[in-house]
Structures are given as C-alpha cells and as structure tokens.
*Asks:* 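Below: one structure in structure tokens.
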There are 2 protein chains.
Amino acid sequence: MSTDVLTDRQKKIARYAKAMAHPVRMYILELLSEQSCCYSGDLAEDLPIARSTLSQHLSELKAAGLIQGEIKPPKIKYCINRENFEEARALMRDFYKL
Amino acid sequence: MSTDVLTDRQKKIARYAKAMAHPVRMYILELLSEQSCCYSGDLAEDLPIARSTLSQHLSELKAAGLIQGEIKPPKIKYCINRENFEEARALMRDFYKL
DNA sequence: CAGTCATTTCGTATTTTTACGAAATACGTT
DNA sequence: AACGTATTTCGTAAAAATACGAAATGACTG
C-alpha cells in the first residue's frame with residue numbers, strides 16, 4: 001500500500017510528542033502521572049489561562065490518547081490513559097535507547 | 001523571581017517535544033541517532049518534501065538544540081548535538097519514570 | 001421546573017507551523 | 001572570472017495551534 005519512507009513508529013512518536021509540546025500540557029501530564037486523577041477545576045485554579053483554553057488542552061491530550069475523562073457529576077475526572085501512556089513511554093524509551 | 005506555576009523543566013520538555021512533533025523530524029532524528037551524521041542532500045533524496053521545507057525542519061531541530069550543522073564544502077554535515085540530546089533523554093526518562 | 005455548578009463548545013482573533021518554488025548564498029572547479 | 005553544486009533564505013499561501021469571552025450543555029438541588 002504505502003511506499004511512505006516515514007514509518008508508523010515515527011508518526012506515532014511525533015503524535016505523542018505533539019501532545020507533549022506545550023508547557024501547560026506537560027504540567028497536566030506530570031500532575032496526572034503523579035496523583036493519577038484530577039478535575040478540570042483544580043487545574044483551572046492553578047493555571048494562568050482561561051478555562052476554555054484549558055479545556056482545549058485537555059481535548060488535545062485526550063485526542064492523542066494520553067488521558068481520559070470520566071463524568072462524575074457535576075465534575076469531570078481526568079486520568080492518565082495507562083495503555084497509551086505506556087505505549088508512548090515504550091516508544092520514547094526505544095528512541096532514546098534507554 | 002518567577003511565580004510561574006509552570007516549571008522550567010516542563011517548559012524544557014515541551015520545547016524538545018515540539019521539535020520531535022513532526023514525522024519528518026523524527027525520521028531525521030532516528031537516522032542521526034543511528035549513524036551519527038548525514039548531509040541535507042541525502043535526506044532530500046529519501047523524503048517526499050521540497051528541499052526548502054527540509055531545510056526548515058533542520059532549522060527547527062537546530063533551534064531546539066537537538067542537532068548541529070558543520071560546513072564541509074560544498075555540503076553541510078548534520079549531527080546529533082550529544083549534550084542536548086542527552087538532556088532531552090534525561091528529561092524524558094524522568095518524566096516517563098524509566 | 002427554575003437555579004446553580006462544572007465544564008465544554010462556539011465564534012473569533014492572532015500567531016505559528018508547514019509547505020512550495022524562485023532567488024540568493026557559499027564554496028570549490030575550470 | 002564564469003560555472004556548478006549544495007543548501008539556505010525569501011516571499012507567500014494555507015492550515016493548525018493558541019487564546020479569550022460568551023453562550024450552551026448536562027446533571028444535581030431546592
């Protein structure tokens with residue numbers, strides 16, 4: 001099918017890296033990987049950005065598969081998506097030959 | 001000094017991740033980390049993009065500090081910037097708790 | 001069922017990224 | 001000094017990322 005020189009692996013790492021490519025998103029990822037879960041509101045209180053902007057960053061992380069949201073009315077609980085986080089980790093580990 | 005909630009570490013990882021956030025740049029990084037050096041022309045032959053576009057990607061990697069160029073007339077030899085590559089690796093390792 | 005809370009979606013503006021071809025640069029060769 | 005080679009810079013266009021406030025959503029509460 002595809003005679004693309006770019007491998008799926010390279011595309012996957014690039015995709016995960018894109019999700020990590022903003023300080024606010026790294027802040028969220030670090031927080032979640034430490035304490036596993038949090039609410040959008042908790043983040044909004046700490047971060048110097050509008051709630052709507054934060055929501056966009058959460059969407060980006062969700063689209064990349066690194067986090068997932070669970071509705072706990074009236075809040076939404078965000079957690080690391082372990083499966084994909086592990087994949088990202090494995091890809092990074094291999095790339096950096098760790 | 002800075003009462004910024006975002007740490008320098010988070011900003012640094014985000015910066016390196018941004019450089020990695022494109023399949024073409026991952027292709028270049030993988031090639032260089034395997035064989036240490038190559039010329040822009042070698043890459044241009046393999047990749048399905050214009051030479052000027054490739055040059056922009058090389059600039060982005062250079063700006064992030066992950067590679068460096070050495071003039072070997074009439075070519076330019078690109079290599080991994082070991083020091084910064086190591087830093088990126090260490091940051092990724094810590095983040096992913098490897 | 002009107003009100004409240006937490007969060008997202010929408011509309012929009014600005015900036016950045018990605019891409020190309022044409023022109024410029026740098027350097028060695030004839 | 002003109003020429004060829006390798007690569008970059010410039011000009012430009014289109015797409016994506018980032019940001020905000022206002023409005024909408026979904027779910028519980030009085």
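Letters go in sequence order (proteins before strands), and every chain restarts at 1. Values below: all heavy atoms of this structure, side chains included; hydrogens, waters and symmetry mates excluded. In this text, all values refer to a predicted model and were calculated from it rather than measured experimentally.
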*Asks:* Please name all residues satisfying side-chain contact (heavy atoms from CB on, under 4.5 Å) with B:Glu86, sequence neighbours left out, ordered by chain then number.
*Replies:*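 Here the qualifying residues are B:Arg89.
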*Asks:* By the salt bridge (Lys or Arg N to Asp or Glu O under 4.0 Å) test, which pairs, at least two apart or in different chains, include something from residues 76-85 of chain A?
*Replies:* none
*Asks:* Nearest-Å distance, CD (A:Glu70) to P (C:dA6)?
*Replies:*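 The answer, rounded to whole Å, is 18 Å.
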*Asks:* Do A:Gln10 side-chain atoms and A:Thr7 backbone N/O form a donor-acceptor pair below 3.5 Å?
*Replies:*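 The answer is yes, because a donor-acceptor pair under 3.5 Å joins these two groups.
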*Asks:* B:Leu54 CG to C:dC20 P: how many Å, rounded?
*Replies:* 10 Å
*Asks:* Whole Å only: how far is the CD1 atom of B:Ile67 from the P atom of D:dT7?
*Replies:*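 After rounding, the reported distance stands at 13 Å.
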*Asks:* Nearest-Å distance, NZ (B:Lys72) to C1' (D:dT7)?
*Replies:* 17 Å
*Asks:* Take nucleotides 12-26 of chain D nucleotide by nucleotide from the 5' end and write B, S or -, depending on whether a protein heavy atom sits under 4.0 Å from the base, only from the sugar-phosphate, or from neither.
*Replies:* -----SBBBBB----
*Asks:* In whole Å, I'd like the distance from the CD atom of B:Gln68 to the C1' atom of D:dT7.
*Replies:*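 Atom CD in B:Gln68 sits about 18 Å away from atom C1' in D:dT7.
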*Asks:* Using atom types as modelled, flag every donor-acceptor pair under 3.5 Å from a side chain in residues 54-61 of chain A to any protein atom, sequence neighbours excluded.
*Replies:*
| unit_1 | atom_1 | unit_2 | atom_2 | d |
| --- | --- | --- | --- | --- |
| A:His57 | ND1 | A:Arg25 | NH1 | 3.0 |
| A:Ser59 | OG | A:Ser55 | O | 3.2 |
| A:Glu60 | OE2 | A:Arg15 | NH1 | 3.4 |

*Asks:* Find the distance A:Ile71:CD1 to C:dT8:C1' and express it as a whole number of Å.
*Replies:* 11 Å
*Asks:* CG of A:Leu47 versus P of C:dT7: gap in Å, rounded?
*Replies:* 13 Å
*Asks:* Under the side-chain contact (heavy atoms from CB on, under 4.5 Å) test, which residues partner A:Glu45, sequence neighbours left out?
*Replies:* none
*Asks:* Please name all residues satisfying side-chain contact (heavy atoms from CB on, under 4.5 Å) with B:Arg51, sequence neighbours left out, ordered by chain then number.
*Replies:*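 B:Ala44.
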*Asks:* Separation of A:Tyr39 atom OH from C:dT7 atom P, in whole Å?
*Replies:* 9 Å
